[in-house]
Amino acid sequence: MTREDRNYVAAILEDINSKFDFLVEIVMPMQKDVASLKDDVAMLKDDMHEVKADIRTLKLALTETNKELRDHGRRLTRLEASSA
């Protein structure tokens, strides 16, 4: 390999290295953003599980309240019928 060939290869390698350095500068902050997004998604999943549990509790309470209201309605109807 001639000196001119070596200089040419060295220049190409230097160019490639600078492009890799540029790429690393771009990718590193993105990795931090992705890690942050993973944490955010994990927190959202936890929050969703909590919301689902709360909704189940509310549905059960609403069902029970509806049963009690129907029972009160029946009792009122019987009381009204017996007092008339």
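All values derive from a computational prediction rather than experimental measurement. Basis for what follows: all heavy atoms, side chains included, without hydrogens, waters or symmetry-related copies.
One distance of note links CG of D71 with CG of N66; it measures 12.5 Å at 0.5 Å rounding. Atom OG1 of T65 is separated from atom CZ of R70 by 10.5 Å, given to the nearest 0.5 angstrom. The structure places CG of L23 at 13.0 Å from CD1 of I16, a figure rounded to the nearest 0.5 Å.
Under a 4.5 Å side-chain heavy-atom cut-off, the cluster of Ile, Leu, Val, Met, Phe, Trp and Tyr residues that includes L13 is completed by M1, V9.
Applying the side-chain hydrogen bond (donor to acceptor under 3.5 Å, both in side chains) test to every pair with at least one member in residues 1-22, sequence neighbours left out, gives these pairs: T2-D5, D15-K19.
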Donor-acceptor list for residues 49-62 side chains, cut-off 3.5 Å, not counting sequence neighbours:
{"from": "T57", "atom 1": "OG1", "to": "A53", "atom 2": "O", "distance (Å)": "3.0"}

